[in-house]
Each structure stands twice: as C-alpha cells, then as structure tokens.
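Reading through the structure tokens given below for one structure.
Just so you know, these numbers come straight off a predicted model, no measurement behind them. We count ligands from 1, going down the list as the structure has it; atoms in each ligand are counted the same way.
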Amino acid sequence: MIPAEFQLEPLTSRTVIPPVLRIALPNKGRLAQDTRELFNDAGLEVRASSDRALKASLGADFEAIFVRAQDIPEFVSDGAADAGVTGLDLIAENRRGVVSRLDLGFGKCRLSMAAREESGVDDFCQLPPRSRVATAFPNITARFCAEAGLDLEIVPISGAAEIAPHLGIADVIVDLVSTGSTLKTNGLREIGTIMQSTAQLVVAENRTAWPAAKETALQELCTALESVTSARGQRYLMANVPRDRLDEVRQVLPGLNGPTVIDVLDGGRHVAVHAVVAASAIYRTIADLKAIGGEGILVTRIERLMR
Ligand code: AMP
C-alpha cells in the first residue's frame, strides 16, 4: 500500500487548471485553414476532439473556441473570448470595440465596388445619384459613401452579391475580391477599392486591466505568431564568395544586420556568407552573387524569425 503522503490527489474539477487565455478562431470559411496552419507553425497545435469540435486545447496556457469569423469581434468585445482572429473587413463592418494587436498577413483581399461590364461605368464617381448598391457590408459602404460624397441607396444582402446587378436588385455591388475571378465569371468589373483586408489578431478595445499572467500569455502569443509571419516572406541564403569581393557582397546582401561572414578552410581564398533575404528578391540576389563569383549557393525556408 502506498503511504498517504505519496498518494496523488484524485483528478477532480477542483484540480484542473483553467487555460490562461481563450482565443476565438474562425470555424470555417477562407480564414479557418490558414489560422490553424499559423497556430500549428507557431507551436500552438490545435488539439480538438473532432473536426467539428467547438473548443480545443492549444497547449497548456491557451484554449481555442471556434465561431464564425463575423461573430468574432462581438465575442472578443463582450469578453466571451480574450483574443480572436478575424478579417479587417469584418472588424470594420462590425464596429465592435476591438483593436488589432497583430496583422497576420493571410486572408488578403480587398473590398471593392463593381458594376456590370456593359454598364459603361469605369469609376464609382460616374454613378448617377440614388444608384443602388447591394452588399453584405452596409456599414463600411455607408461610411465610404459619406466620405466620398456619394449619394447611393444601400441594399443590404447576406451573400452572393455578384448576382444582384443581373437580377435588377441593384446597379452595383460592394464585395470582397481576392483573385477577381468571381467578378469576371459574373460579368462584373471593379470601379473602386474601398479597403484592403488581411486577418488580424484582435483584443477588446476597452478591456479592464488583465492579471499579469494573462498579459504575459498574450505577449507570448503575439511573439510566437509574429515570429512565424515574419519568417514567411524571408529566406536564409548561404554562399561561398571570393574574399576579395566582400565589399560587393555587402551591396548584394544587406541582410538583417549585414551578412554573417565565416572563414572557409581553403587557404583564405573564399569566405562563406549567410544572410536573411526577402523571398521576393531571391532570384535577383542569386544572379548578383553569381556575377561576383558566388558558388555553392543554398537557400532555405525559415521557420521563425525574431527581429
Ligand atoms: P475571388 O474570385 O478570388 O476574387 O474571390 C471572391 C469571392 O471569395 C467572393 O465571394 C468573396 O466574398 C470571397 N473572398 C475572397 N477573399 C476573401 C477573404 N479573404 N475572406 C472572406 N471571403 C473572401
């Protein structure tokens, strides 16, 4: 028999430590998959009992709840969740008291006004007064019209705006555009951009002071997510270059703090240079390095980058 002092206390609800931070994540739609991927890459693996679970654990300190992206500003401003991931478009439309703590970079799209191809309208300024605009974003559209001095009649709809001009419900629409293929398929053309949008990590605007542990957890969450989002657009490049051309290498490889230079054991003719380079500039950089005698060029992805 185990002596009393070594016996474990039975696991009861009394002994369960609640997660420090509850985060509302999109349950479906364009942002859901990318959000899960980002949290996984940041080491916060979503561990749910099933694909349709409403709640999941994200490591010891965090708990996820899955709700519709458009409801997330409300969940966060009401305190039902401490933080949330949702689109900037939905934050602007909801007008709930939330603020962005971090731009997560994915879910990139724009909210645009579009007219029928054959309408002859190229710009929203050409719209006749009292033109009707169908949109699931009536608040943003109303603000935009007021600021641009446009006198339009807003027709609120809940989805599939693209069909509205063809049904005679409206003259133009305001909807999200990513590649533009939905507009094209439906014979519509953009006549103005209202706003750009990406997914954001949000918290309540006027939250009462949080306990220190919660503040720390939020800070750690931001650091973990940001280290992944910062790394995504960057590559780690390594190359051997002639030592006597190092000045030219510095022009090609500015890196975060200039390239790291390491001796190569070939009698001092070459050095190895390592640097972080923008993914969009990688082809140019490789060509420039080759032009100054670079060899053995290696480019890898970066998992996390803390500036
Ligand atoms: P696309 O054909 O790529 O321009 O996508 C347009 C359609 O996808 C529209 O029905 C939009 O409502 C929707 N959409 C595009 N991007 C997003 C996004 N980031 N978040 C939510 N819906 C989006």
Under 4.0 Å to a heavy atom of Val177 - the qualifying atoms of ligand 1, by number: 4 (O)
cation_pi(Arg36, Phe66) dist<6.0 Å, angle<=45: yes
4.5 Å side-chain heavy-atom contact, Arg304 and Asp41: no
From Gln126 atom CD to Asp122 atom CG, the distance as rounded to the nearest 0.5 Å: 5.0 Å
Residue, atom name and distance, where the atom is the protein heavy atom closest to atom 19 (N) of ligand 1: Gly107 O, 3.1 Å
Nearest neighbour in protein (non-hydrogen) for atom 5 (O) of ligand 1: Arg30 NH2, 3.3 Å
Protein residue, atom and distance nearest to atom 6 (C) of ligand 1, heavy-atom basis: Thr182 OG1, 3.4 Å
Closest approach of any protein heavy atom to atom 1 (P) of ligand 1, naming residue and atom: Thr179 OG1, 3.3 Å
For ligand 1, the portion of Asp175 having any non-hydrogen atom under 4.0 Å away: side chain
Heavy-atom nearest neighbour in the protein, as seen from atom 9 (C) of ligand 1, with distance rounded to 0.1 Å: Leu176 O, 3.5 Å
N or O contact, Gly180 vs ligand 1, cut-off under 3.5 Å: yes
Spatial distance of atom CZ (Arg189) from atom CD (Glu117) [nearest 0.5 Å]: 5.0 Å
Donor on one side chain, acceptor on other, Thr182 and Glu162, under 3.5 Å: no
Part of Cys109 with heavy atoms under 4.0 Å of ligand 1, whether side chain, backbone, both or neither: side chain
Check: Gly105 main-chain N/O paired with Asp103 side-chain donor or acceptor under 3.5 Å: yes
Pair Phe62 and Phe39, ring centroids less than 6.0 Å apart: no
